[in-house]
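Some notes on the structure that comes next.
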Amino acid sequence: MKKLMNDFESYLVYEKVVSPHTHKNYMVDLSQFFSFLDRSYAEIARDEISGISKVDANVVRQYLASMVKGKSPSSMARKLASLRTFFNYCLRQELVSGNPAKEVATPKVPKKIPKFLTVDEVFALLDSPENTEALGSRDKAIMELLYGSGVRVGELVLLDIEDIDLLEGTVKVMGKGRKERIVPIGGKATAALDSYLKLRNALAQNLNDQALFINRRGGRLTARSVERMLNKYIGRCGLQKKVTPHILRHTFATHLLGSGADMRGIQELLGHASLSTTQKYTHVGIENLMKTYDKAHPKA
């Protein structure tokens, strides 16, 4: 079923425009599913065109059962989501008459409260780069932008210089599914970007003319490089916790909600397709309510 996998991969990259991380996970999950078919359903695996139409909900359930050992509910839910996306693609290509993965119940995944930094921890982190030189100026601009706008790290590294409007204090972001949104970035992030752009050309000789954030060789910075950079400053400012670019995104949303921002406004800023995705940040509102209750209620 190699051709079918290749066609699906092209769909993910060029039509669905998923992130590199999602792309990798989908292809790993699909490869594992096809390996299962090879072992357990040779007659299906033998003919990829007519064979894939013979996959039903029971086959999907048996695949998940074969994978369950040592896997968390969230991991199993992701594998099922990957199959649902794949069979949706097959449905579009008229290779199947229905989506068998949709007939299988999603494993119940415990809700996790997003991790985030306190205001003091964020300030310590943002003040850690020496922004008088090009590299430190770049790093400070990256962290200010991650916290000041809530953009995903995958969105950040794809930014071009023309996507930044320093006069308006906004950034044009290309999100999941090629959905474009305009996000305000705040005065601190605007000032940090202005300082960085004045020093950007000193980073390397052969510059990528379009990329906003570049490495020492002049090429576009990668998401992994941003993670490594962030780890360096976490150690420098002495924070005793794991901090990723996504935690800065959580922190952005958490601090906004804690300051009274509207939930739908936060949804738009984050680029969430569904409000239910944004609602995981309501724990902050509950914490504030409990503090108010404890302070004011006679029987608290």
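Partners of Tyr147 under the side chain to side chain donor-acceptor pair (under 3.5 Å) rule, at least two apart in sequence or in another chain, are His255. Scanning for side chain to side chain contact (heavy atoms under 4.5 Å, CB included) contacts around Asn201 gives Leu207, with sequence neighbours left out. Partners of Glu9 by side chain to side chain donor-acceptor pair (under 3.5 Å), not counting sequence neighbours, listed by chain and number: His23. By the side chain to side chain contact (heavy atoms under 4.5 Å, CB included) test, Gln240 pairs with no residue at all, sequence neighbours left out. Legend: residues meeting salt bridge (charged side-chain N to carboxylate O under 4.0 Å, His left out) with Lys232, ordered by chain and number and at least two apart, are Asp139. Every residue meeting the ring pair (Phe, Tyr, Trp, His ring centres under 6.0 Å) condition with Phe86, not counting sequence neighbours, appears here in chain and number order: Phe8, Phe34. Partners of Asn231 by side chain to side chain contact (heavy atoms under 4.5 Å, CB included), not counting sequence neighbours: none found. In this structure, Asp127 has no side chain to side chain donor-acceptor pair (under 3.5 Å) partners at least two apart in sequence or on a different chain. Remark: Ser195 pairs with no residue by the side chain to side chain donor-acceptor pair (under 3.5 Å) rule, at least two apart or across chains. In this view, Ser66 and Phe36, Tyr63 satisfy the side chain to side chain contact (heavy atoms under 4.5 Å, CB included) rule, not counting sequence neighbours.
Taking CG of Leu95 as the reference point, atom OH of Tyr89 lies at 7.0 Å (rounded to 0.5 Å).
Taking a 6.0 Å sphere around CD of Gln62, one finds it holds more than 12 heavy atoms contributed by other residues, nucleotides or ligands.
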In residues 164-172, what donor-acceptor pairs under 3.5 Å come from side-chain atoms, sequence neighbours left out?
| from | atom 1 | to | atom 2 | distance (Å) |
| --- | --- | --- | --- | --- |
| Asp165 | OD1 | Leu167 | N | 3.1 |
| Asp165 | OD1 | Glu168 | N | 3.0 |

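The residues Glu121 and Lys241 are annotated as salt-bridged, a charged nitrogen and a carboxylate oxygen being separated by less than 4.0 angstrom.
Cluster partners of Val28 are absent, since no Ile, Leu, Val, Met, Phe, Trp or Tyr has side-chain heavy atoms less than 4.5 Å from it.
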